[in-house]
Trainee: 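Sharing a structure below in structure tokens format, with a few things to ask.
Proteins come first, then strands; the chains are lettered A, B, ... in the order of their sequence lines, and each starts at number 1. Computed from a predicted model, the values in this text were never measured in an experiment.
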Amino acid sequence: MADHMHRSPPAAPNRQTLLTFRLQGEVFALDVARVHEIIDPLPMTRVPRADPFVPGLINVRGSVVPVVGLRQRLGMPPGERTEDTRMVVLEIQLGEDTTKIALEADSVDQVIEIETASIEPVPEIGITWPTGFLAGVAKRDSDLIIVLRAETVFAPVTSHALRAQ
Amino acid sequence: MTKATLPVQTFMQEANEVLEALESRLLELEEDPSNQSLIDAVFRSLHTLKGSGEMFGFSALARFTHSFENAYDAVRSGRAQVSQTLIDVSLRSRDHIQRLIDAGTDPEENARLAKLPEGQALLGEIEALLGGPGPAACATEAPAAPAQERRFHLRFTPEESALRNGMRPDLMVTELSLLGTCTIAIDASQVPALEDIDPTASYLAWEIDLVTTHPQQDVEDVFLFAEEESLQIREVATEATLPEVAGPDGRGPVTAVPVLATPQTAPPDRPAPDPSPRAERNPPPRKSDSVRVQSHRLDELMDQLGELVIAQARLNRIAKDLADPTLVGTAEEIERLITGLRDATLSIRMLPMGTVFGKFRRVVRDLSGELGKEVQLVTEGEDTELDKNVIDSLSEPLVHIIRNSVDHGIEALADRRAAGKTDIATVTMSARQAGGEVHVTVSDDGGGLRTDRIRDRAIERGLIPPDNDLSEKQLHQLIFAPGFSTAQTLSSVSGRGVGMDAVRSVIQDLGGSVEVSSTLGKGTDITLRLPLTLAIIEGLLVRVAGQVYVIPLSAVDECVEISATETYRESGRSILTIRNELVPFLDLQTLFGFGTNRARTSHRIVIVRMEKRRVGLVVDEIIGQHQTVIKSLSPFHRDIDGLAGGTILGDGSVALILDPVALVQSTGTATSEAA
């Protein structure tokens with residue numbers, strides 16, 4: 001399948017390229033290598049009896065792609081779609097399968113390159129989200145960027161089970 | 001993306017086919033030990049493996065097969081007999097060869113493999129059967145039976161690219177010379193001028209005269225991996241070996257020498273006079289009316305076709321919206337063409353069931369030995385065709401079923417005699433097409449399912465309450481419950497209690513179902529009902545709570561519309577009456593947890609057939625029929641009961657494909673209603 005986004009050249013070994021987006025006023029980031037494309041919101045088909053974390057499906061250029069509720073997983077209230085709302089299509093590894101998923105962001109910011117060393121471990125206090133979902137935090141100007149760990153934050157287990165581990 | 005197939009890969013693929021044929025011939029030989037043509041066929045398979053294996057660098061394989069081949073050469077020439085032991089060793093040797101093929105061509109690895117103890121042990125057993133070391137190079141030895149010497153004339157013109165592809169004419173010629181006496185001449189007439197020579201290209205042709213006692217097949221086998229058109233082979237009469245008949249004065253003698261149909265005195269550069277004598281005398285060269293295609297390419301083709309079907313649905317919709325008669329006409333024509341294309345593509349993917357049945361003769365044979373029960377396998381309907389992907393997923397469940405049949409179904413010999421049954425038990429595997437489904441049945445003539453034991457076990461495992469009043473048929477179904485096993489002792493063969501549960505889940509993943517029927521003392525039938533194909537289905541589009549769903553048409557019996565007052569009951573069960581038959585029904589909207597629609601004045605109900613009963617599904621609207629490509633769901637949604645997959649509709653939206661049987665089962669309606 002054609003790649004619909006121009007991939008940035010790989011960062012130098014000690015640097016990371018991240019895509020930042022906003023959710024409920026916070027800035028989150030994901031490794032840009034996992035990002036397949038960014039699209040305008042599409043109508044979603046609800047899946048009956050599905051885990052509320054993965055409530056529905058969208059059609060991304062002929063592929064049936066599950067929509068994950070990142071707000072739900074991070075314990076945020078449901079959001080409203082605005083004209084800035086975008087869907088980020090990612091490719092993640094689930095066990096042996098590579099699966100495409102889509103998440104809805106309040107807005108997509110930019111692609112940034114930062115020193116790997118500047119990503120700090122998640123502080124013990126002051127972060128309300130389950131730390132297993134996070135790869136670390138980085139500072140940019142006055143913003144705190146929360147780098148998500150794609151392997152866990154999108155895994156089909158409840159946050160409850162993750163905490164128990 | 002498309003990788004050129006390397007000759008070594010082709011060899012491995014074809015060698016695996018030769019091995020498969022070898023196994024089935026060995027099994028046939030076991031039943032008919034004196035069948036000379038089978039013995040010859042086994043010998044030829046081995047010879048082919050040895051020769052070609054050597055050529056492609058499978059040296060361990062070639063060395064091992066050589067001794068194996070000697071054994072069958074001895075049998076062929078009457079110096080040894082086919083025995084149970086020989087077949088046994090042969091089957092195990094076959095398995096060993098399989099490992100050697102899988103190991104590949106690495107020289108060091110091959111040297112190591114050749115010394116492996118199991119290989120050496122097998123060789124020892126083979127030698128022992130032959131009564132001492134066999135002749136080292138049997139291929140060059142004339143067999144004891146006086147065989148007719150024949151003379152072949154071969155012209156071998158390799159493709160220009162043959163050398164680049166790894167063809168080794170020197171090895172071929174060496175192998176050929178092992179078959180008999182060769183006279184070899186080289187035709188260099190096609191070699192171009194020096195400046196035009198491509199050093200990697202092949203320009204030469206070989207003219208070979210071969211006198212041999214081997215059949216023509218053996219000679220052709222030497223060139224098995226060369227392009228077919230590069231070899232011309234014809235048999236010439238051996239009398240032609242007489243010296244030149246032309247008289248010294250240039251005039252042909254008028255005396256005793258008979259005139260031959262194809263005079264051998266013809267100058268060598270004259271083209272072959274007439275193809276007809278060759279056609280009469282020799283079997284025509286194996287003309288391939290089939291093409292070898294890697295199955296992933298077929299899958300790609302199917303994917304593309306699936307996209308085409310979806311795009312076509314979109315076109316249909318646009319045409320309908322625009323209401324332009326020319327466009328509608330064209331869209332309809334394209335639809336017709338795509339349907340034809342779909343049917344043609346699907347038929348390419350169809351394989352006969354025989355391809356999967358074949359391996360079960362070995363399974364049954366090994367099991368009978370292991371469990372000390374004499375069992376014969378009868379197969380029926382080998383020609384029944386089924387989608388390759390379905391067939392591929394089928395062998396595991398069938399192995400489970402057969403193991404269960406032989407282990408639990410078939411009684412011990414004493415019990416069989418007491419019941420007045422034949423000593424040799426029979427397991428029958430049959431396949432037949434029934435509408436859009438294929439039914440595969442495994443029957444045994446054993447003791448049947450013991451419902452009393454099933455009931456005890458199920459209660460013990462907490463699967464059913466102790467005060468149940470399940471019917472015999474319902475008790476039979478319990479063998480598919482997770483964690484159920486009735487075997488008295490755990491054996492290595494079956495009895496771990498996962499078998500039938502796993503069978504059912506594989507078959508359901510394929511969109512099929514499993515049924516069991518059993519008569520105490522008479523035997524058990526297990527029937528797998530499978531869809532003809534997995535990729536594209538005919539579906540019925542329905543709307544529920546504003547969303548479109550697809551119900552596979554193969555599951556739909558009929559659609560009815562009934563006014564709400566006639567059927568609806570606020571509490572208890574919902575049952576409607578169709579032609580004096582009580583049919584329970586479920587409201588999909590409620591079932592999906594999307595609330596209850598009380599505004600309806602009438603019910604549109606899709607009646608689906610599941611196993612032997614019918615259940616109604618209430619929907620808001622029945623939209624119509626639709627050809628659907630099934631797209632599998634992600635791991636997030638794969639385990640939801642009642643969903644078979646997703647698809648994309650003409651308007652670009654995603655619709656879910658329902659699996660009505662699993663959907664109804666998930667509610668427990670089927671069992672509670674039936675009780």
Trainee: I'd like to know if A:Arg71 and A:Glu104 make a salt bridge, using a cut-off of under 4.0 Å between side-chain N and carboxylate O.
Mentor: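 No salt bridge links A:Arg71 with A:Glu104.
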
Trainee: Measuring heavy-atom distances to chain A, does B:Leu591 have an atom under 4.5 Å in its side chain, in its backbone, in both, or in neither?
Mentor: both

Trainee: If you draw the axis of the six-membered ring of B:Phe594, does the NZ or CZ of A:Arg46 fall within 45° of it and under 6.0 Å from the ring centre?
Mentor: yes

Trainee: Is A:Leu42 in contact with chain B via its backbone, its side chain, both, or neither, using a 4.5 Å heavy-atom distance?
Mentor: neither

Trainee: Can a donor-acceptor pair be found, under 3.5 Å and without considering hydrogens, that links the side chain of A:Thr82 to the backbone of A:Asp84?
Mentor: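 Yes, the answer is positive, given that a donor and an acceptor are paired below the 3.5 Å cut-off.
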
Trainee: Is any side-chain N of the basic residue among B:Glu307 and A:Arg61 closer than 4.0 Å to the acidic one's carboxylate O?
Mentor: no

Trainee: How many angstroms lie between CE in A:Met87 and CD1 in A:Ile58, if you round to the nearest 0.5 Å?
Mentor: 4.5 Å

Trainee: Please flag which part of B:Arg314 lies under 4.5 Å from any non-hydrogen atom of chain A: side chain, backbone, both or neither.
Mentor: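 Looking at B:Arg314, nothing touches chain A.
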
Trainee: Among A:Val64, A:Ile101, A:Val65, A:Val47, which residue forms the greatest number of heavy-atom pairs with chain B at distances under 4.5 Å?
Mentor: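 Sorted descending by pairs with chain B, the first entry is A:Val47.
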
Trainee: Below 4.0 angstrom, N of the basic side chain to O of the carboxylate: do A:Glu151 and A:Arg34 qualify?
Mentor: yes

Trainee: For chain A, find which of B:Gly593, B:Gly306, B:Ser634, B:Ala311 contributes the most heavy-atom pairs closer than 4.5 angstrom.
Mentor: B:Ser634

Trainee: At a 4.5 Å cut-off on heavy atoms, which part of B:Asp639 comes close to chain A: side chain, backbone, both, or neither?
Mentor: neither

Trainee: Contact part of A:Val68 toward chain B, heavy-atom cut-off under 4.5 Å: side chain, backbone, both or neither?
Mentor: side chain

Trainee: Side chain, backbone, both or neither: which part of B:Ile640 has a non-hydrogen atom closer than 4.5 Å to chain A?
Mentor: side chain

